[in-house]
Amino acid sequence: MKAAIVGGGVIGGGWAARFLLNGWNVAVFDPDPDAERKINEVVANARRSLPSLYDRLMPTEGTLTFHAEMADAVSGADWVQESIPERLELKHNVLCAISELAAADAVIGSSTSGFKPSELNGKGARAIVAHPFNPVYLLPLVELVGDAGVTAKAADILKKLGMFPLILRKEIDAHIADRLLEAVWRESLWLVKDGVATTEEIDEAIRMAFGIRWAQMGLFETYRIAGGEAGMKHFMAQFGPALEWPWTKLMDVPEFDDELVGLIAGQSDAQSGHMTIRELEHLRDDNLVGMMRALKKTGSGAGGVISRHEVTFPVHKNTVLPVTVSRKVPQSWVDYNGHMNEAHYLEAAAAASDRFMEMIGVDADYVESGNSYFTVETHIRHLDELSAGEPLTVTTQVLNGDGKKLHLFHFLKGADEKLAATVETLLLHVDLSTRRSSLPEPVVAEKLSEFASLHANMPSPDGMQRYVGQIR
Ligand SMILES: NC(=O)C1=CN([C@@H]2O[C@H](COP(=O)(O)OP(=O)(O)OC[C@H]3O[C@@H](n4cnc5c(N)ncnc54)[C@H](O)[C@@H]3O)[C@@H](O)[C@H]2O)C=CC1
Ligand SMILES: C[N+](C)(C)CC(=O)CC(=O)[O-]
């Protein structure tokens, strides 16, 4: 699949990275001579963060090319994304040109933050709004507005890129999310202008409270809980009247004069000027990955999108030893020594045991039926370092699958087949109602014995049954 990116600034670069890391070929057109450098920086950011959301290896990256002519970039593209500056006349010219150059069945998306499709297409273009959020390579939301057939097609494609398409019921200036953001932005400008709060105090008010809350439940579900056991009706009765009081100046826009711009920019420098934009981006991305991975555990919000996306990744071809983990080492696994921390060797091995259990039929239904395996002993040999972003593959050999026993040997390998660790582990089958060991159900025992007999002819792995401190 091919995507064409027309306009490769902050947002176009983010789109390029999102497509590229999901296996699409990406062709960029941007007349700025510095565009290639800027996009490569955004792609580098994406490479250090996006794969960390997943416990499986993402598809192989596509190729990234830069073109001096828009026609070359757009030719043969399945999706053309316009991300040029937010000026209607400029958008008209560029979207009309794209509409002439693009294949008839290509999706033409505009990243516009505020214009409606009827405005964008006023001069004969055929674009839909596909409004993303910064950083596009990490945040899933894309607001889709326009022709029902094209937005439905676009939504299917976006889901395959790990994004969350939200199709608007009707067009409106600034779609949904930017209307909400603008309300907060406008009120914040007033608070600074009137000397009520600094930029830093406003940011604290957001990130210490409702910013965290909104990421997992949004506005309405959060307020439902705030109504206590009586729920939303009680909440509305208690806080509805406050809307009549002059709490906010919502419709009143402060004049954007030099004084206000200087005040805000000065306070922002004082707040964050000690860090470069790249450092701030890295901090933002690491925090977003951490929060999104937490949401993944409960399937809430953006976390559910990641899990649904991950199951579509190509499965590693199994050789005699099944591949039980295939992923990249995330930034968050690296410690003060600049390599993967010892705890995560166990985490990777535990994930491998879980995957192997699934392979022999110990899946969610089996556990629900009251059976599982418990780990009773583990021995790890740390043999080599692993660094952030390095591919990590685990293969698993069955040493013994008789009766209640599941005796496994995991090989953890980094780039170029480097053996980074071996993990020998013994699990026992357990009846979850008695919490005591028990024999597995016949269907599991049978699948396990297939692996065990296949692996029985293999040599015992080097390091098997080693004890701590043994002379090599
Ligand atoms: N920055 C943000 O937070 C967000 C911006 N957007 C929207 O994305 C669009 C782009 O915004 P940014 O990336 O922030 O702007 P930007 O200023 O970072 O990038 C715009 C790029 O377009 C290029 N460009 C200008 N004229 C062009 C032309 N005729 N053909 C091809 N490229 C051209 C420029 O060289 C520049 O690299 C806007 O419509 C904006 O509303 C959407 C979501 C968030
Ligand atoms: C400020 N903005 C209107 C360009 C913001 C957006 O459109 C979305 C975002 O990423 O905040």
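Each ligand, and each atom within it, is numbered from 1 in the order the structure gives. From a predicted model like this one, the values you see are computed outputs, not experimental measurements.
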**Prompt:** Is it true that R293 and D55 have a side-chain N and a carboxylate O under 4.0 angstrom from each other?
**Reply:** yes

**Prompt:** For ligand 1, is there an N or O atom under 3.5 Å from any N or O atom of E82?
**Reply:** no

**Asked** With a 4.0 Å heavy-atom cut-off (strictly under), which part of N93 contacts ligand 1: side chain, backbone, both or neither?
**Response** neither

**Message:** For atom 2 (N) of ligand 2, what is the closest protein heavy atom, and at what distance to 0.1 Å?
**Reply:** S113 OG, 4.0 Å

**Complete:** among protein heavy atoms, the one nearest atom 3 (O) of ligand 1 is N134 CB, 4.1 Å

**Message:** Give me the residue, atom name and distance of the protein heavy atom closest to atom 9 (C) of ligand 2.
**Reply:** F133 CD2, 3.5 Å

**Complete:** Among V10, L181, D30, D32, closest by heavy atom to atom 37 (O) of ligand 1 is D30

**Message:** Which residue and atom name correspond to the protein heavy atom nearest atom 3 (C) of ligand 2, and how close is it?
**Reply:** D178 OD2, 3.4 Å

**Request:** Could you tell me which atoms of ligand 1, counted from 1 in the order shown, lie closer than 4.0 angstrom to a heavy atom of K91?
**Result:** 38 (C), 39 (O)

**Request:** Just jot down the ligand 1 atoms closer than 4.0 angstrom to any heavy atom of P31, in number order.
**Result:** 30 (N), 31 (C), 32 (N), 33 (C)

**Asked** So which bit of M70 gets within less than 4.0 Å of ligand 1, heavy atoms only: side chain, backbone, both or neither?
**Response** neither

**Message:** Regarding atom 22 (O) of ligand 1: of the candidates G9, G12, A35, P85, which has the closest heavy atom?
**Reply:** P85

**Prompt:** Relative to the heavy atoms of P132, which atoms of ligand 1 are at a distance of less than 4.0 Å?
**Reply:** 43 (C)

**Prompt:** With a 4.0 Å heavy-atom cut-off (strictly under), which part of F133 contacts ligand 1: side chain, backbone, both or neither?
**Reply:** neither

**Asked** Has F235 got more than 12 heavy atoms of other residues, nucleotides or ligands less than 6.0 Å from its CZ?
**Response** yes

**Donor-acceptor under 3.5 Å (R48 side chain, G389 main chain)** = no

**Message:** Using only atom types and a distance under 3.5 Å, with no angle test, would you say the side chain of S272 pairs donor to acceptor with the backbone of D269?
**Reply:** no

**Asked** Between N134, L141, V10, L181, which one has a non-hydrogen atom sitting closest to atom 10 (O) of ligand 2?
**Response** N134

**Asked** For H344 and E347, does a side-chain donor sit closer than 3.5 Å to a side-chain acceptor?
**Response** yes

**Request:** Run down the list I84, V42, I11 and name the one with the heavy atom closest to atom 38 (C) of ligand 1.
**Result:** I84

**Prompt:** Does the cation-pi check pass for R327 over W333, that is, NZ or CZ under 6.0 Å from the six-membered ring centre and within 45° of its axis?
**Reply:** yes

**Request:** Return yes when atom CD of E100 has more than 12 non-hydrogen atoms of other residues, nucleotides or ligands closer than 6.0 Å, and no otherwise.
**Result:** no

**Request:** Can you pull out the closest protein heavy atom to atom 8 (O) of ligand 1? Residue, atom name and distance to 0.1 Å, please.
**Result:** S111 CB, 3.6 Å

**Item:** Pairwise distance CD1(I167) to OG1(T151) - rounded to 0.5 angstrom
**Value:** 4.5 Å

**Item:** Region of E86 engaging ligand 2 - heavy atom pairs below 4.0 Å
**Value:** neither

